[in-house]
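Reading through the structure tokens given below for one structure.
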Amino acid sequence: MDNKAQVENFSSAVAKIKQEIKKDLVGQEDIVDNVLIAIIAGGNVLLEGVPGVGKTRMVRSLGKVLELPFSRIQFTPDLMPSDVTGTNVIEKDANGKMNTVFQKGPIFANLVLADEINRATPKTQSAMLEVMQEHRVTVANKTYTIAEPFFVLATQNPIEQDGTYPLPEAQMDRFMFKLLVGFPSVKELADIVNMTQITMEETATAVVDGKTILEMRELAKTVPVASDVLYYAMRLVARTHPELADSGETAAKYVKYGCSPRAGQALITAAKVRALICGRYNVSYDDIDVLAYPVLRHRMKVNYTAINERLNVDDVITKIIAENKKEKGSGKLDGDNATVAINEVAAETPAEVTGANDTAVPAEEEPKKKKKFGKK
């Protein structure tokens with residue numbers, strides 16, 4: 001199957017998934033789109049929104065549509081790490097011998113909803129660090145691997161302050177996206193009421209399975225990224241660091257500390273998936289700009305000047321994007337103004353799909369880029 005046919009099949013499968021989810025969820029199209037991008041890309045998502053806007057219902061519906069096991073963990077102040085990961089228990093076999101057996105916790109599922117994750121203590125929150133990043137759990141010096149695909153969707157309430165423990169930066173950085181779930185409109189409220197009057201159960205049917213998701217993920221990895229687009233994305237991340245001499249006026253004025261290299265990885269990985277969903281076999285500047293908000297907003301902190309001028313994180317990101325667009329297409333490296341090395345796109349890539357002047361540079365083949373990121 002050629003690349004053009006693969007792109008069409010990919011885009012068609014995602015369209016079918018979204019069509020099924022619409023049977024159970026009203027509105028929130030952007031949220032659904034970004035959640036699907038994260039699932040296919042292999043990332044995790046943090047949802048911030050008031051209670052009752054359909055976060056749990058969306059994950060249950062996704063479990064049905066993707067035909068994947070779903071589990072829900074309600075985080076509370078008295079929750080222990082073993083309640084999440086599981087623990088060793090002693091069981092007696094048929095011969096009366098006592099054996100130690102590992103009892104798996106709710107984290108051993110393909111889709112995990114970590115509800116109100118900021119209500120748990122830091123000790124319990126830390127139980128999620130290894131599994132979110134490495135997709136494995138270590139208990140009593142033994143490591144257990146989580147079945148793929150694995151996806152954590154965590155929620156937190158922005159207006160609840162009492163009895164909450166804000167997530168540390170190290171854990172926030174393990175989320176590919178942070179999505180802001182808004183309150184539905186009056187019409188959407190009416191549609192929600194009418195839908196739930198018929199049934200409270202999800203009615204979506206399976207469209208793809210876990211194996212298909214993994215195949216889609218592998219296809220996304222092959223999407224080429226032109227050198228100028230790669231530079232544009234990495235420069236955008238570097239512009240969030242005020243300690244860099246050439247980061248720009250916005251970071252120097254409004255940013256307290258910038259994003260980690262994971263932001264650059266997330267930008268490129270998610271942009272490849274978004275390109276396929278849009279029916280393209282190449283990453284565009286627009287993919288980078290659109291995904292900058294969910295990728296960067298939880299990885300950078302604004303300073304008092306931004307707060308004093310009533311600018312939130314998204315406002316600052318908008319200013320950084322505007323600055324970054326001035327160097328669109330320059331392809332320069334920082335410091336020596338050298339051009340980014342260009343790798344040829346694979347011969348089988350159709351010119352009409354990738355664009356005549358687009359060439360590919362895999363994100364992992366840019367050895368000098370890491371020195372751009374200073375310490376926070």
Side-chain angles (χ1 to χ4, degrees), residues 35-36 38-47 55-156 165 167-168 170-177 201-202 204 206 208-218:
V35 168
L36 289 175
I39 290 177
I40 297 172
N44 307 298
V45 171
L46 176 63
L47 289 181
K55 300 184 290 291
T56 304
R57 188 179 181 90
M58 178 175 62
V59 179
R60 284 205 306 262
S61 182
L62 276 170
K64 284 191 173 184
V65 175
L66 304 180
E67 210 169 1
L68 295 174
F70 158 76
S71 69
R72 179 176 184 267
I73 307 173
Q74 180 62 56
F75 281 77
T76 56
D78 60 345
L79 192 73
M80 297 299 291
S82 58
D83 296 329
V84 175
T85 60
T87 186
N88 289 319
V89 296
I90 299 176
E91 290 185 352
K92 184 183 293 186
D93 60 16
N95 299 322
K97 185 179 179 181
M98 308 299 287
N99 297 313
T100 301
V101 179
F102 178 67
Q103 186 71 40
K104 292 183 178 180
I107 199 65
F108 285 86
N110 294 113
L111 295 179
V112 178
L113 174 63
D115 213 4
E116 297 179 310
I117 190 172
N118 60 329
R119 291 187 62 199
T121 61
K123 180 178 181 180
T124 303
Q125 291 176 5
S126 65
M128 300 289 293
L129 292 175
E130 181 183 18
V131 68
M132 288 175 61
Q133 180 65 28
E134 303 173 28
H135 295 188
R136 64 186 186 185
V137 174
T138 301
V139 178
N141 297 326
K142 188 172 182 180
T143 300
Y144 304 88
T145 303
I146 307 290
E148 296 288 348
F150 176 73
F151 172 73
V152 173
L153 190 148
T155 68
Q156 64 179 15
Y165 303 85
L167 296 177
Q171 186 156 1
M172 293 287 283
D173 198 30
R174 282 164 167 76
F175 290 101
M176 174 176 276
F177 292 158
E201 297 295 325
E202 292 77 28
V208 298
D209 55 13
K211 181 181 178 182
T212 305
I213 293 293
L214 294 178
E215 290 173 353
M216 296 169 74
R217 184 179 299 174
E218 291 302 315

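What you are looking at is a predicted structure, and each value in this text was computed from that prediction instead of being measured. Numbers here simply count residues along the sequence, with the first being 1.
The side-chain heavy atoms of D115 and I73, taken from C-beta on, include no pair separated by under 4.5 Å. Side-chain atoms of L113 and T155, non-hydrogen and from C-beta on, do get closer than 4.5 Å to each other. Within the 4.5 Å cutoff, the side chain of H135 has no heavy atoms near those of the E130 side chain. The shortest distance between side-chain heavy atoms of F70 and L62 does not fall below 4.5 Å. Side chains of T87 and V139 form no contact here, defined as non-hydrogen atoms less than 4.5 Å apart. For the pair T85/V131, no side-chain contact is recorded, criterion being any heavy-atom separation below 4.5 Å from C-beta on.
With values rounded to the nearest 0.5 angstrom, L153 atom CG is found 12.0 Å from R72 atom CZ. Annotation: the span from R119 atom CZ to E116 atom CD amounts to 5.0 Å, rounded to 0.5 Å. Atom CE of M128 sits about 4.5 Å away from atom CZ of F75, to the nearest 0.5 Å. The CG atom of L167 sits 11.5 Å away from the OG atom of S126 when rounded to the nearest 0.5 Å. Going from atom CG of L47 over to atom CD1 of I117 covers 11.5 Å, rounded to the nearest 0.5 Å. To the nearest 0.5 Å, atoms CE (M132) and CZ (F150) are separated by 8.0 Å.
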Practice problem: Could you walk me through whether V137 and T143 pass the side-chain contact (heavy atoms from CB on, under 4.5 Å) test, one step at a time? | Solution: CA-CA 6 Å; V137 174; T143 300; over 6 Å; no
Exercise. Decide yes or no on side-chain contact (heavy atoms from CB on, under 4.5 Å) for F151 and L68, but give the supporting numbers first.
Key: CA-CA 10 Å; F151 172 73; L68 295 174; over 6 Å; no
Only pairs under 3.5 Å count here: list side-chain donor-acceptor contacts from residues 100-112, not counting sequence neighbours, and write none if there are none.
residue	atom	partner	partner atom	Å
N110	ND2	A147	O	3.3
N110	ND2	P149	O	2.7

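With Q171 contributing its side chain and L129 its backbone, the two residues share no donor-acceptor pair below 3.5 Å. Side chain of D209 to backbone of E67: no donor-acceptor contact under 3.5 angstrom is found. Side chain of D173 to main chain of A170: no donor-acceptor pair is present (N/O by atom type, distance under 3.5 Å, no hydrogens or angles).
Heavy atoms only, all atoms of each residue included: A41 and M176 are closest at CB-CE, 3.9 Å. Across all their heavy atoms, Y144 and N88 have their closest contact at OH-OD1, 4.2 Å.
Among residue pairs with one or both ends in residues 137-156, those qualifying as salt bridge (Lys or Arg N to Asp or Glu O under 4.0 Å) are E148-R217; sequence neighbours excluded.
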